Structure formats: structure tokens, C-alpha cells
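Here is the structure we will look at.
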Amino acid sequence: MFLSALVFNRYFCFMNFITTATIDAVKQLYNQSIEESVLNIQETRKEFEGQVTIVVFPITKISKQSPEQTATAIGEYLVANVAEVTAFNVVKGFLNLSIADSYWLNLFNNELLSDDFGKPKPNGKKVMVEYSSPNTNKPLHLGHVRNNLLGYSVAELLKADGYEVFKVNLVNDRGIHICKSMLAWEKWGNGETPESSGLKGDHLVGKYYVIFDKEYKKEIDALKAEGQTEDEAKKNAPLIKEAQQMLLAWEAGDKEVIDLWKKMNGWVYDGFAVSYKNLGVDFDKYYYESNTYLLGKDTVDEGLAKGVFFKKEDGSVWIDLTADGLDQKLVLRADGTSVYITQDLGTAQMKYDDFGMDQSIYVVGNEQDYHFKVLFLILEKLGKSWAKGLHHLSYGMVDLPSGKMKSREGTVVDADDLIAEMIETAKQKTEALGKTNDFAEADKAELYYNIGLGALKYFLLKVEPKKRLLFDPNESIDFQGNTGPFIQYTHARIKSLLAKANFQLDVKQSEVAGLEATELEMIMLLAKYPAELSNAAKAYSPAFLANYLYEVAKLFNKFYHEVPPIVKEENQVVKEHRLNICKVTADVLKAGTAILGINVPERM
RNA sequence: GCCUCCAUAGCUCAGCUGGAUAGAGCACCGGUUUUCUAAACCGUAGGUCACAGGUUCGAAUCCUGUUGGGGGUACCA
């Protein structure tokens with residue numbers, strides 16, 4: 001039997017034959033056919049004997065007997081008719097079944113030890129994941145880090161589930177916010193460059209964005225002192241007017257402005273490249289808003305022709321979504337220029353034309369829930385066949401104890417600083433434990449990087465994407481317990497053990513006669529890996545995978561402490577078997593953490 | 001106002017299509033190292049699952065309402 005055929009849900013994956021046999025039992029005992037869906041089969045809780053539990057309450061309607069009587073009757077039938085069922089016990093309406101060790105050993109030998117266990121099986125489908133999508137006016141902060149790690153991980157998760165995946169980055173490289181940085185640099189930069197200042201390019205540009213804001217505020221205050229209202233002052237401040245002029249010049253293709261824009265964006269891209277490399281994220285294709293911002297007008301014409309959109313007297317174009325419980329939405333300004341959603345309509349078409357994907361995931365914060373709801377609905381109304389494959393992977397904001405991060409108030413957690421701190425903390429903790437005394441310098445640096453980033457990535461990915469996430473800069477991210485380093489440590493320990501035992505890569509099958517309790521638990525948990533992967537992929541949730549990997553590492557550590565030292569085991573058959581369990585565990589941890597973007601070291 | 005998401009231990013989080021006595025980690029307290037890495041393991045303690053109804057043999061989970069919090073509701077992105 002192939003495992004894939006056995007997997008039917010995440011929770012209990014290998015028990016199709018129990019389902020079939022139970023349906024037979026009901027037919028034989030009560031002369032009635034039941035649907036598979038009325039059966040409730042789950043893992044037996046640890047405090048009871050057995051591995052599989054059938055909840056018999058739903059069947060009592062058919063049996064017309066008490067839950068206990070029904071459970072007993074079915075239990076007797078299963079023991080008599082299903083070879084793998086060796087015993088049963090009944091607790092209230094719960095029928096607990098014991099499955100023969102030989103069944104689990106077969107599963108282990110045939111499935112878990114096979115080379116393609118947990119490997120992707122191509123499903124012939126293409127999916128695009130758009131993530132990161134930064135503005136080029138300031139460096140990345142912790143919110144972007146969550147986006148990047150989530151997007152990367154979801155893309156890897158979909159690959160592992162058999163999709164062909166395209167990662168794309170839509171860079172917001174134009175607009176008024178970029179002009180603010182440019183203008184401030186022109187006025188107060190004195191020609192400062194990353195080379196002259198030693199500042200990372202994105203930080204340098206971000207510095208001028210902040211300067212702009214500071215000077216702009218001064219002007220607003222001055223105008224308010226002259227009696228203007230807040231709104232008037234914001235519109236009338238000379239700096240903002242100048243920035244708007246610059247944007248117009250940019251759109252007109254003014255050479256000087258374009259040159260400055262290219263120069264400063266170049267600095268930012270150099271800076272981002274470093275951050276992306278440190279985060280370990282990558283992209284198959286970049287889209288730039290400077291190339292896409294004019295798109296979408298064709299789509300607007302198309303919508304007008306189809307009667308999906310309508311034009312108001314002033315020339316602005318709208319769609320009426322009130323019948324769908326939403327509002328009227330502007331899709332083109334009265335002056336004929338694009339708004340955000342105009343571009344997104346065009347960009348969506350462009351992406352589809354480029355890749356022809358079956359699904360497209362937008363990794364964007366939940367503040368844009370409404371926008372994507374409207375965007376997808378419009379594309380559907382326009383009759384785009386691919387619209388149903390669009391999905392907004394909406395994630396919660398990263399908050400500080402003080403609330404939202406605000407770049408202007410200096411309360412942002414900078415991505416580069418955070419990465420550096422994580423690596424430094426990893427270094428200190430590792431050296432305090434004396435773990436790297438015999439490491440070469442280059443190996444030390446690599447290890448501290450892997451541990452620091454492992455801690456950070458796991459911390460951010462273990463939380464359900466849609467939940468908001470609290471980060472306290474005053475409390476360092478843990479390295480113990482439910483953490484990345486815990487999983488990394490477990491893996492390193494197994495690798496060390498395998499090396500000491502001279503474990504050969506051409507694994508022999510496990511030939512043991514029976515299983516210890518923890519061995520059985522390990523096999524059951526490891527066997528769930530493919531189902532866990534596919535379930536996490538369907539939910540676009542690296543958190544599911546992260547929590548599963550933690551369970552595996554935790555159970556392995558228990559196993560490690562409970563069984564006597566494997567390296568010194570004299571019974572070769574037992575030794576081989578336990579090494580096999582170790583090997584599969586290490587493989588699952590390594591493959592699983594890779595999907596989270598986490599590297600597991602061989603030693604730590 | 002309207003829409004939407006969230007609320008589980010002191011803190012950070014799991015809890016899957018409704019199932020048995022709601023689970024981890026951190027912090028706290030106690031124990032484990034002549035045994036393969038103690039970033040580990042074992043144990044104690046910690047809960048009115050925001051609140052109130054409802055559906056059900058059975059609700060943290062589904063439905064309705066209330067409260068509290070986040071986000072949205074721009075010819076911004």
C-alpha cells in the first residue's frame with residue numbers, strides 16, 4: 001500500500017482499512033449501510049490503551065443500543081475480521097483499538113524508509129506567490145520581515161505539495177513617497193552616498209525620508225501658527241508642493257529627476273539585496289510599479305464595454321458593488337489617471353499573461369483585506385477565468401507592546417538591526433555553553449547565523465498568519481523550549497549520534513519483533529509528515545508545519561532519554577531499528593525546517 | 001455609523017471535519033549529568049476557554065447577541 005493512498009486527513013492518516021471494516025461491521029451487525037462521513041475515527045488519547053479510536057455515538061442511532069453495547073459489538077467484529085486489530089477496549093462511547101506492531105513496522109519499512117518519503121509529487125499545477133513588495137523609500141522593518149518569511153515559506157510549502165511555484169516581488173518604486181526622499185536628499189544631502197557615509201543604501205534613503213517628514217512638519221506648524229487649519233497647512237506646505245512637482249516631472253520623464261530616481265533606487269536595491277540574502281528569501285521575477293502603474297486602463301475600457309463599470313458626469317469610472325454588500329468603488333480618476341486598484345487590475349492580467357498560473361497568492365497585510373475583496377470581485381465580474389484562483393494571504397500586523405510600529409516616531413524594529421542582534425545573541429549563548437570551542441572561525445560564523453535566524457524565523461512563523469503578533473524588543477526571542485534552536489539542536493544531536501554509530505546510508509529494514517511504546521509513538525508521528533505538509537499547504541499556513549516539527553523534536557528528545565544509549569546497544573537488530581528511527585526523524589526535521597527557511601546545523 | 005478580524009494559564013501561543021479529564025513553551029518551584037550534546041529530560045503548580053443565550057447525546061470549536069481590542073470604510077498605496 002502506498003502512503004499517499006492511505007492519507008485521508010491530517011489527524012489520522014493511515015486508517016482507511018479501519019473505516020472500511022467499520023462500515024462492514026455496521027452492515028453485518030445492524031444490516032444498514034452508512035456513509036464514511038458519519039464515522040468519526042481519531043487517534044487514541046495517550047491515557048488509554050490502543051492507537052485508533054472510533055467514536056460510536058453517531059452509530060447508536062442505527063444500532064438502537066447503548067454506546068457501550070455498540071462499541072463492544074463493533075470491537076468484537078473488528079478483532080475477529082481484521083488481522084491488524086489485535087484488541088479493543090471500550091470507554092463510554094469510545095472504542096479503542098490496538099493495532100498490531102507488525103502493521104506499524106510494515107508502514108515504517110515500506111513508507112518511511114523509502115527514498116521518496118515526504119518528497120513532492122508534482123500535481124501539474126502552477127501557482128504564483130507575490131510577497132515582500134517593498135517601497136523603495138525606507139529600509140525593511142519587522143513587519144516586512146514577517147511578510148518575507150511568510151511568503152517564502154508558503155512558496156516552499158506549495159512546492160513541497162507538488163506545485164510549480166513562481167515567486168515574484170512587486171516593487172513599489174515610484175510615487176510621492178519616493179519623491180520625498182529624493183527631494184530631501186537634494187536639499188540637505190550634500191551629495192552623501194552610501195560610499196561616502198558608509199551607510200547601507202536603503203538606510204541612507206530612509207534617513208532622508210525621515211528628514212523630509214521633520215522639515216515638512218515644521219512647515220505645517222508654521223502655517224498653522226499663521227492661522228491655517230491642519231488640513232490646509234498639509235496641502236499648502238512648500239515642501240509637499242515641491243514633492244508633487246517632482247512627481248509630475250518624473251511622470252513627464254524629466255531627465256534630471258529620472259537620473260536621481262535611478263541613482264537613489266539603485267542604492268536601495270543594493271541595500272535590499274543584502275537584507276534578502278540574510279533572510280534567505282529569493283524571487284523568480286521582479287515587477288516594478290514604474291512599469292505597471294499605467295496598466296489597467298485597457299481593463300477599465302473592457303469593463304465599460306461590458307457594462308460592468310459606469311462613467312460619472314465628471315469622467316470618473318466606477319463599479320457598483322452594493323449588490324454584493326460592498327460600496328461603490330472608483331476604478332479610474334476623473335482626470336483619467338490610475339488609482340491603486342486600476343494598476344492592480346492591469347498587473348493581475350499581466351502576471352497571468354506572463355505565467356498562465358492556476359493560482360495566485362498575494363501575501364499582503366490584513367489592512368488591505370477590503371482592497372483585495374474588491375479586486376477579486378471585479379476580476380470575476382469581468383469574466384476572467386483565472387479570477388477564482390486568486391487568493392489574498394492576509395496576515396496580521398506585528399505590534400510592539402506600545403502598539404503599532406511607526407517609522408516617523410522611530411518605534412520601528414529595523415530588519416537589519418534585528419538580524420544582527422539575533423546573530424549576536426546566538427553567538428553569546430553558544431559560547432556561554434562552550435559548544436564551539438573546537439570550531440573553525442568560518443564554521444562559527446555560519447553556525448551563529450543559522451541559529452540566530454532559526455530563532456527569528458521560527459518565532460515569526462509558528463504563529464498563525466492571520467493573527468497579529470506581539471514583539472517585545474526588550475525581551476529577547478527564546479532559544480529554549482518551543483523554538484527554532486530547539487529543533488536545530490535535536491537535529492544536530494541526531495546527526496552526531498548517527499556519526500558515532502557509523503550509520504550507513506544504505507539503510508537496512510527494521511527487523512525487530514515488537515515495538516517499545518515511544519518507538520511506536522515516533523513512527524506514528526513521523527508517518528503523518530506528508531499529510532501535515534499537504535494540510536499546511538492547503539491552509540497556506542507554515543504555522544501548522546512549525547508546530548508539527550516541534551512535536552517531532554519534542555517526542556524525539558523523550559525517546560532519546562528513555563531508550564538506553566543506541567550507540568552502545570549490543571543487539572544489532574534493535575540498534576539498527578533505532579538508528580532508522582533517528583535517521584527518519586533527522587530527515588523530517590531537516591526537510592521540514594527547510595520549508596520554513598531554517599537551516600539545521602550538523603553540529604551545535 | 002457600517003464592514004471585517006481577533007479574545008484560551010501571569011506572559012507568548014497550540015487545540016484540526018463538534019468528541020473522553022482543554023495542551024505546550026516561557027517565567028516560578030523541585031529533581032536528573034561515571035550512559036549517544038543538559039539549547040535536553042522528568043515532576044509540582046497555574047483555566048468560569050471574554051460574557052450571555054441557543055443547537056446537540058456531547059460545544060473552546062457551530063449559531064445569535066453583548067463587551068473589549070485591531071484593521072478597513074479616500075479621486076492614498
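Keep in mind that this is a model prediction, so the values were computed, not measured. The sequence lines fix the lettering, A, B, ..., with proteins before strands; numbering per chain opens at 1.
A:Val463 comes within 4.0 angstrom of the backbone, heavy atoms only, and of no base. No engagement by A:Leu326 is indicated, since no non-hydrogen atom pair under 4.0 Å with the nucleic acid exists. Base contact: A:Asn96 has a heavy atom under 4.0 Å from a base atom. A:Val339 comes within 4.0 angstrom of sugar-phosphate atoms only, judged by non-hydrogen atoms across all strands, and of no base.
Within the structure, ring-ring contact (aromatic ring centres under 6.0 Å, His included) pairs that include any residue of residues 556-581 of chain A comprise A:Phe108-A:His577, A:Phe556-A:Phe559 (at least two apart or interchain). Sorted by first and then second residue, the pairs that involve residues 321-332 of chain A and meet side chain to side chain donor-acceptor pair (under 3.5 Å), not counting sequence neighbours, are A:Asp320-A:Thr322, A:Asp324-A:Lys381, A:Asp327-A:Tyr370. Every pair passing salt bridge (Lys or Arg N to Asp or Glu O under 4.0 Å) that includes a residue from residues 556-568 of chain A is listed here, sequence neighbours excluded: A:Glu521-A:Lys558.
No side-chain donor from either of A:Glu251 and A:Tyr293 sits under 3.5 Å from a side-chain acceptor of the other.
Listed by chain and residue number, A:Glu441 satisfy the salt bridge (Lys or Arg N to Asp or Glu O under 4.0 Å) test with A:Lys444 (two or more places apart in sequence, or in another chain). Contacts of A:Asp478 classified as salt bridge (Lys or Arg N to Asp or Glu O under 4.0 Å), with partners at least two apart in sequence or in another chain: none.
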Report, one pair per line, the protein and nucleotides 55-60 of chain B atoms (nitrogen or oxygen only) whose separation is under 3.5 Å.
none

I'd like a list of close polar pairs between nucleotides 69-73 of chain B and the protein, N/O only, cut-off under 3.5 Å.
none

Interface polar pairs with nucleotides 21-30 of chain B, N/O, under 3.5 angstrom:
residue, atom, partner, partner atom, Å
B:U21, OP1, A:Lys92, NZ, 3.4
B:G23, OP1, A:Arg45, NH2, 3.0
B:A24, O2', A:Tyr550, OH, 3.0
B:G25, O2', A:Asn482, N, 3.3

Acceptor/donor pairs from residues 466-477 of chain A side chains to any protein atom, 3.5 angstrom cut, sequence neighbours excluded:
residue, atom, partner, partner atom, Å
A:Arg468, NE, A:Asp399, OD2, 2.7
A:Arg468, NH2, A:Asp399, OD2, 2.9
A:Asp472, OD1, A:Asn474, N, 2.9

Donor-acceptor contacts under 3.5 Å from residues 543-550 of chain A side chains, at least two apart:
residue, atom, partner, partner atom, Å
A:Asn547, ND2, A:Ala543, O, 3.0
A:Tyr548, OH, A:Leu525, O, 2.7
A:Tyr548, OH, A:Tyr529, N, 3.4

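Nucleotides B:G65 and B:C29 are separated by 47 Å at their P atoms, to the nearest Å. Atom name P, nucleotides B:G47 and B:G10: the rounded distance is 7 Å, in whole Å.
Evaluation of A:Phe94 against the base of B:A20 yields a stacking contact (centre distance < 5.5 Å, interplanar angle < 30°).
Paired runs in RNA chain B that reach 3 or more consecutive Watson-Crick or G-U pairs, where each pair keeps both distances under 3.5 Å, cover B:1-7 with B:67-73, B:10-13 with B:23-26, B:29-32 with B:40-43, B:50-54 with B:62-66.
Remark: A:Val563, A:Pro565, A:Ile566, A:Val567, A:Lys568 in residues 562-573 of chain A come within less than 4.0 Å of RNA chain B through at least one heavy atom.
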